[in-house]
Amino acid sequence: MFELKGKGHVLQLTEVLGHPRKGITLSVVGQRCRVVEVGRNSTDGQAVSTRSCLTGKPVAPYGHVLVKWISEAPLASDIHGNWVEEEIH
């Protein structure tokens with residue numbers, strides 16, 4: 001996770017199931033955030049890519065999202081290696 005000053009935090013997602021989209025609420029280590037933008041991979045232009053951006057070879061699905069925290073933002077070190085899940089209402 002890293003911060004874009006005045007815009008929110010970017011989360012790098014790996015082992016992605018489905019497709020993130022603007023407006024969904026995520027749960028990250030017990031904290032909630034809303035997706036405000038979905039990144040596009042430079043290799044294929046997709047939000048979730050299965051190709052390495054360096055080699056173009058198949059890899060596990062990955063992508064990036066820009067989020068705004070609804071509750072307090074966790075520390076980046078607390079997020080690493082944890083599941084990120086969509087909150088279904």
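Bear in mind the structure is a predicted one, so any value in this text is a computation, not a measurement.
- In terms of heavy-atom proximity, Pro20 sits nearest to Val48 at CD-CG2, 3.4 Å.
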Could you pull out every donor-acceptor pair under 3.5 Å between side chains of residues 7-14 and any protein atom, sequence neighbours left out?
| residue | atom | partner | partner atom | Å |
| --- | --- | --- | --- | --- |
| His9 | ND1 | Trp69 | NE1 | 3.2 |

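- The hydrophobic clustering, which links ILVMFWY residues whose side-chain heavy atoms are closer than 4.5 Å, places Val36 and Met1 apart.
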Table please: side-chain donor-acceptor pairs of residues 72-85 below 3.5 Å, with sequence neighbours left out.
| residue | atom | partner | partner atom | Å |
| --- | --- | --- | --- | --- |
| Asn82 | ND2 | Asp78 | O | 2.7 |
| Asn82 | ND2 | Ile79 | O | 3.3 |
| Asn82 | ND2 | His80 | O | 3.4 |

Atom pairs and distances, donor-acceptor, side-chain atoms in residues 52-62, under 3.5 Å, two or more places apart:
| residue | atom | partner | partner atom | Å |
| --- | --- | --- | --- | --- |
| Ser52 | OG | Leu54 | N | 3.2 |
| Ser52 | OG | Thr55 | N | 3.2 |
| Ser52 | OG | Thr55 | OG1 | 3.3 |
| Thr55 | OG1 | Lys57 | N | 3.2 |
| Tyr62 | OH | Asn41 | ND2 | 2.6 |
| Tyr62 | OH | Arg51 | O | 2.8 |

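- Under the side chain to side chain contact (heavy atoms under 4.5 Å, CB included) criterion, Ser27 pairs with Glu87, sequence neighbours left out.
- With values rounded to the nearest 0.5 angstrom, Thr25 atom OG1 is found 4.5 Å from Ile70 atom CD1.
- Around the CG atom of Leu17, the shell of radius 6.0 Å holds no more than 12 heavy atoms that belong to other residues, nucleotides or ligands.
- Between the Arg34 side chain and the Gly23 main chain, a donor and an acceptor come within less than 3.5 Å of each other.
- Among all heavy-atom pairs drawn from Asp44 and Ser49, the shortest one is OD2-OG, 2.9 Å.
- Applying the side-chain hydrogen bond (donor to acceptor under 3.5 Å, both in side chains) rule to Ser71 yields the partners Gln31; only residues at least two apart in sequence or on another chain are considered.
- Checked against side chain to side chain contact (heavy atoms under 4.5 Å, CB included), Glu86 has the following partners two or more places apart in sequence or in another chain: Arg21, Ile24, Leu26, Ile88.
- When all heavy atoms of Val38 and Ala47 are compared, the pair lying nearest together is CG1-CB, 3.3 Å.
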